[in-house]
Protein chains: 2
Amino acid sequence: MYPIVALAEAAGAKVETIRYYERIGLLPEPGRTRSNYRSYSEVHLGRLSFIRRARDLGFTLDQSRELPELAESRNSDCGTVDVIGQDHLRDVERKIADLKALRRELCDLIGQCQKGAIAECRIIGALSPR
Amino acid sequence: MYPIVALAEAAGAKVETIRYYERIGLLPEPGRTRSNYRSYSEVHLGRLSFIRRARDLGFTLDQSRELPELAESRNSDCGTVDVIGQDHLRDVERKIADLKALRRELCDLIGQCQKGAIAECRIIGALSPR
DNA sequence: GCTTGACCCTGTAGGGACTACAGGGTCCAG
DNA sequence: CTGGACCCTGTAGTCCCTACAGGGTCAAGC
């Protein structure tokens, strides 16, 4: 049972963000103590961490909501889950490829810097039009 | 020389976003035709594509501005470039790791789905607190 | 038992990054 | 020479937080 600050720290979010997510129905309402303080469980921690990291990876809140629901939706038919899953998978693959290109340029830059010369800018090239 | 719609298509951005970036000084002002229409070069395309993709990867506009400047800044000393670069590198590594975990869960989900059974939800676990 | 400081609450307003009009000029194919 | 596709400059709205203001709760120490 986490109080709100503990949850915030554990999930890497701000207290205000947690309350905001609750307001828009993204996080289930937590239990309350006698004095009306929010009290969170491991389930809340898992969900909040997921959302924060998905957001950090450039997914929208709607996508962050959709991703876990995708696996939870035993009722929806497999074909739908499959199609949406493939979609997200392509998205993820693209992001990984872009990040790897960026990582390569950053490594080069740092490497050349340590040898005393500043690299010419090829960072823009790393994320160029497909 | 691209008109604004062509640039938007090539870079995967909306026309309004391009004008917004110009307004806040993120994109250099393009040339104009006699009739006052914006006219863009390859340089604009490179820069805009970079920003759009960096944004899609969860970087802020400030970071998207900083990344290329990092490599361009021959005047700033190597130590600074090195430190900032290492910082961004760690950030990028973390994102790659998170995305790989997410990819793994999506693959499993799709795989199990194709075998006819919906997987239990481990997607949230993929981006759990560190 | 009372204060003080860290924590919590519910608002509401502000900021970053777009996005969507409204109201109007340009340009060219038919 | 007109209809439709394109462009312009605003300004207002949306999404996703973030930062107060104004006030209650609680445990530790005097």
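Below, chain A is the first sequence line, B the second, and so on; all start at residue 1.
In summary, R38(B) and E29(B) do not engage in a salt bridge, as defined by a charged side-chain N under 4.0 Å from a carboxylate O. Under 4.0 Å is where a charged nitrogen must lie from a carboxylate oxygen, and between D98(A) and K95(A) no such pair does.
Note on T33(A): nothing from the nucleic acid sits closer than 4.0 angstrom, heavy atoms only. Backbone-only engagement by I4(B) is indicated by non-hydrogen atom pairs under 4.0 Å involving sugar-phosphate atoms exclusively. Within the 4.0 angstrom heavy-atom criterion, no nucleotide atom of any strand lies near R34(A).
For dT9(D), the OP1/OP2 oxygens have a side-chain nitrogen or oxygen of R32(B) closer than 4.0 Å. For the OP1/OP2 pair of dC8(D) and a distance below 4.0 Å, the side-chain nitrogens and oxygens of S35(B) include no atom meeting the criterion. In this model, the phosphate group of dC26(D) is not approached by any side-chain N or O of Y37(A) to a distance below 4.0 Å at OP1 or OP2. One finds a side-chain N or O of R38(A) lying less than 4.0 angstrom from the OP1 or OP2 phosphate oxygen of dT10(C). At the phosphate of dT9(D), neither OP1 nor OP2 sits under 4.0 Å from any side-chain N or O atom of R19(B). An OP1 or OP2 oxygen of dT19(C) is reached within less than 4.0 angstrom by a side-chain nitrogen or oxygen of T17(B).
Of the listed nucleotides (dC9(C), dA17(C), dA19(D)), dA17(C) has the atom at the smallest distance from the side chain of R55(B).
Considering Q63(B), E66(B), E93(B) as possible partners of H88(B), the one that fulfils the side-chain hydrogen bond (donor to acceptor under 3.5 Å, both in side chains) test is E66(B).
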Is there a salt bridge (Lys or Arg N to Asp or Glu O under 4.0 Å) between R52(A) and D56(A) once you walk through the steps? CA-CA 6 Å; R52(A) 284 315 302 158; D56(A) 181 57; over 6 Å; no

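In this structure, I18(A) places its CD1 atom 13 Å from P of dT10(C), rounding to the nearest Å. For Q63(A) and dC16(D), the CD to C1' distance is 14 Å, given to the nearest whole Å. When the C1' atom of dG16(C) is taken as reference, atom OH of Y21(B) falls 11 Å away, rounded to whole Å. For N36(B) and dC6(D), the CG to P distance is 19 Å, given to the nearest whole Å. As a whole-Å value, the separation of I51(B) CD1 from dG16(C) P is 17 Å. Distance, R52(A) CZ to dT18(D) C1': 11 Å, rounded to whole Å. Between E22(A) atom CD and dC16(D) atom P the separation is 17 Å, expressed in whole Å. Rounded to whole Å, the distance from CG on L48(A) to P on dC16(D) is 15 Å.
Map R23(B) and Y40(B) each onto its nearest nucleotide of DNA chain D; the residue landing nearer the 5' end is Y40(B).
No N or O donor and acceptor, one from the side chain of Y20(B) and one from the base of dG16(C), sit under 3.5 Å apart.
To the nearest 0.5 angstrom, E105(A) atom CD is 9.5 Å from L127(A) atom CG.
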